[in-house]
Amino acid sequence: MLNNKTILITGASGFVGSWLADEAIKAGYKIIGIDIHGPLRPQIWSGFATASCETVDLEDLLQGITLDAVCHLAGGASVASSVSNPYGDFSSLLPGTARLSLFLARHQPRARFLLFSSAAVYGNPQTLPIYETTPVNPISPYGIHKAVAEMLLSHYSRIYGLDITIFRIFSVYGPGLRKQLIWDVGQKALTAAANGQDHISLFGTGKESRDFIYIKDLCRAVLTVIASTSFVSGVEIYNLASGTERTITDVASCLIDKLGVKIKLEFNGEVPKGDPVNWRADITRLEQLGYTSDYSLELAMEEIATWMKEIT
Ligand SMILES: NC(=O)c1ccc[n+]([C@@H]2O[C@H](COP(=O)([O-])OP(=O)(O)OC[C@H]3O[C@@H](n4cnc5c(N)ncnc54)[C@H](O)[C@@H]3O)[C@@H](O)[C@H]2O)c1
């Protein structure tokens with residue numbers, strides 16, 4: 001059922017953007033998108049600009065529509081790419097963030113601006129769990145640029161009165177994500193099994209840990225925050241995570257088990273530059289809005305294994 005509210009999603013054709021669009025439609029929102037790549041399913045969008053946030057004609061796209069929320073996902077989404085091309089990462093995030101937020105301040109001051117930031121802003125914290133109040137101390141260009149975007153929006157909020165929500169997203173995974181650990185493990189394991197090999201090799205020691213959140217849980221968390229009436233004004237920050245720490249060995253083994261292949265894991269001991277060692281988030285703030293996770297790692301991995309086997 002329509003709720004007469006409209007969300008603008010930037011980075012709309014990416015992994016999270018595509019899922020969020022589907023879940024927002026199911027929750028009754030109208031959606032408008034921006035992405036340098038065209039939409040995967042054009043029919044679900046009430047408006048779409050295939051353009052960058054730096055150049056898009058926002059007045060032409062919005063046609064006088066009042067926005068309730070802007071989910072700003074556009075930008076680089078890879079620590080490794082930010083290490084090899086830091087200025088590329090900077091350019092894909094910061095000019096568009098400034099332009100979009102300044103447009104909102106002037107033309108749509110009641111729209112809430114939700115920045116999809118990252119746990120990378122925390123770097124390697126001294127203690128776990130990581131609270132939203134844990135000091136920001138990024139160790140990669142990607143984390144630095146997200147931290148700068150957060151600071152920029154916080155100051156704009158102060159002088160222009162914008163309402164800002166910052167999501168510090170931990171490790172998101174789900175069907176459709178063709179990058180990062182879970183995709184790599186799945187591809188390597190299925191290829192090794194098809195070639196009669198009995199092991200695969202991964203970066204690190206296997207003891208590094210992350211806080212993984214399944215994409216369907218993440219979208220529900222985002223929509224819970226958007227629908228929440230607890231927000232007054234100014235800037236609020238939420239960790240988006242499961243609140244559970246899992247080692248890389250644990251996660252990779254779980255997927256291999258669900259894929260139904262007999263493959264052993266080997267680790268090369270090298271930790272990629274810019275990668276933190278251990279992460280576990282405190283998600284009390286999110287839970288206080290009534291959010292609870294629907295998916296354990298095991299349940300989510302079953303869906304991922306099914307998807308990976310379908311596309312292989
Ligand atoms: N996937 C994760 O684990 C994760 C974790 C933390 C934070 N995030 C953040 O969530 C957001 C979405 O991540 P994702 O995994 O869907 O990434 P993605 O790369 O799949 O999607 C990003 C989309 O943004 C578009 N884009 C990039 N720069 C743009 C620009 N300047 N103007 C318009 N479009 C632009 C790209 O074309 C792409 O479709 C990113 O901001 C990312 O930093 C993701």
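All ligand and atom numbering here is 1-based and tracks the order in the structure.
Not a single heavy atom of Ser18 sits under 4.0 Å from any atom of ligand 1. Within the structure, the closest approach of Lys146 to ligand 1 falls below 4.0 Å when heavy atoms are considered.
The two residues Ala281 and Phe170 make their nearest non-hydrogen contact at CB-CZ, 3.5 Å. A pairwise comparison of heavy atoms in Arg99 and Cys53 identifies NH1-O, 3.0 Å as the closest pair. Closest of all the heavy-atom pairs between Asp217 and Asp294 is OD1-N, 2.9 Å. In plain terms, the two heavy atoms of Leu104 and Ala111 that are nearest each other are CD2-CB, 4.4 Å. Between Ala27 and Leu223, the closest heavy-atom pair is CB-CD1, 4.1 Å. When all heavy atoms of Phe48 and Ser13 are compared, the pair lying nearest together is CZ-OG, 3.5 Å.
Contact annotation: for Ala51 versus ligand 1, heavy atoms closer than 4.0 Å belong to the backbone alone. When non-hydrogen atoms are compared, ligand 1 lies under 4.0 Å from neither the backbone nor the side chain of Ser78.
Below 30°, between 30° and 60°, or above 60°: for Phe167 and Phe116 the angle between ring planes is above 60°, a perpendicular geometry. Below 30°, between 30° and 60°, or above 60°: for Tyr214 and Tyr173 the angle between ring planes is between 30° and 60°, a tilted geometry. Below 30°, between 30° and 60°, or above 60°: for Phe103 and His107 the angle between ring planes is between 30° and 60°, a tilted geometry.
Those atoms of ligand 1 with a heavy atom of Ser13 less than 4.0 angstrom away are 39 (O). Close contacts between ligand 1 and Gly11 involve ligand atoms 23 (C), 24 (O), 25 (C) [criterion: under 4.0 Å to a heavy atom]. Listed by number with element, the atoms of ligand 1 under 4.0 angstrom from any heavy atom of Gln180 are 3 (O). Ligand 1 places these atoms under 4.0 Å from at least one heavy atom of Gly76: 43 (O). For ligand 1, the atoms lying closer than 4.0 Å to a non-hydrogen atom of Gly14 are 16 (O), 20 (O), 21 (O), 39 (O). Below 4.0 Å from some heavy atom of Lys179 lie the following atoms of ligand 1, by number and element: 15 (O), 17 (O), 18 (P), 19 (O), 20 (O). Applying the 4.0 Å criterion to heavy atoms of Ser52 picks out, from ligand 1, the atoms 32 (N), 33 (C).
Contact check on Lys188 versus Glu266 returns no salt bridge, with no Lys/Arg side-chain nitrogen under 4.0 Å from an Asp/Glu carboxylate oxygen. A salt bridge is defined here as a Lys NZ or Arg NE, NH1 or NH2 lying under 4.0 Å from an Asp or Glu carboxylate O, and Lys264 with Asp198 meets this definition. Under 4.0 Å is where a charged nitrogen must lie from a carboxylate oxygen, and between Glu236 and Arg285 no such pair does.
Nearest protein heavy-atom contact of atom 40 (C) of ligand 1 is Leu73 O, 3.2 Å. With respect to atom 14 (P) of ligand 1, the closest heavy atom belonging to the protein is Val16 CG2, 3.9 Å. Protein heavy atom in closest approach to atom 17 (O) of ligand 1: Ala77 CB, 3.3 Å. Among protein heavy atoms, the minimum distance from atom 44 (C) of ligand 1 is reached at Tyr142 OH, 4.3 Å. In terms of protein heavy-atom proximity, atom 4 (C) of ligand 1 is closest to Val172 CG2, 4.0 Å. The closest protein non-hydrogen atom to atom 5 (C) of ligand 1 is Phe170 O, 3.3 Å. Nearest to atom 30 (C) of ligand 1 among the protein's heavy atoms is Glu54 OE2, 3.8 Å. Annotation: atom 20 (O) of ligand 1 to nearest protein heavy atom, Phe15 N, 2.9 Å.
Among Ile9, Asp35, Ile213, the residue whose heavy atom lies closest to atom 37 (O) of ligand 1 is Asp35. Counting heavy atoms only, Gly75 comes closest to atom 27 (C) of ligand 1 of the residues Cys53, Gly75, Ser92, Gly33.
Taking the six-membered ring where the residue is Trp, the centroids of Phe267 and Phe203 are separated by 6.0 Å or more.
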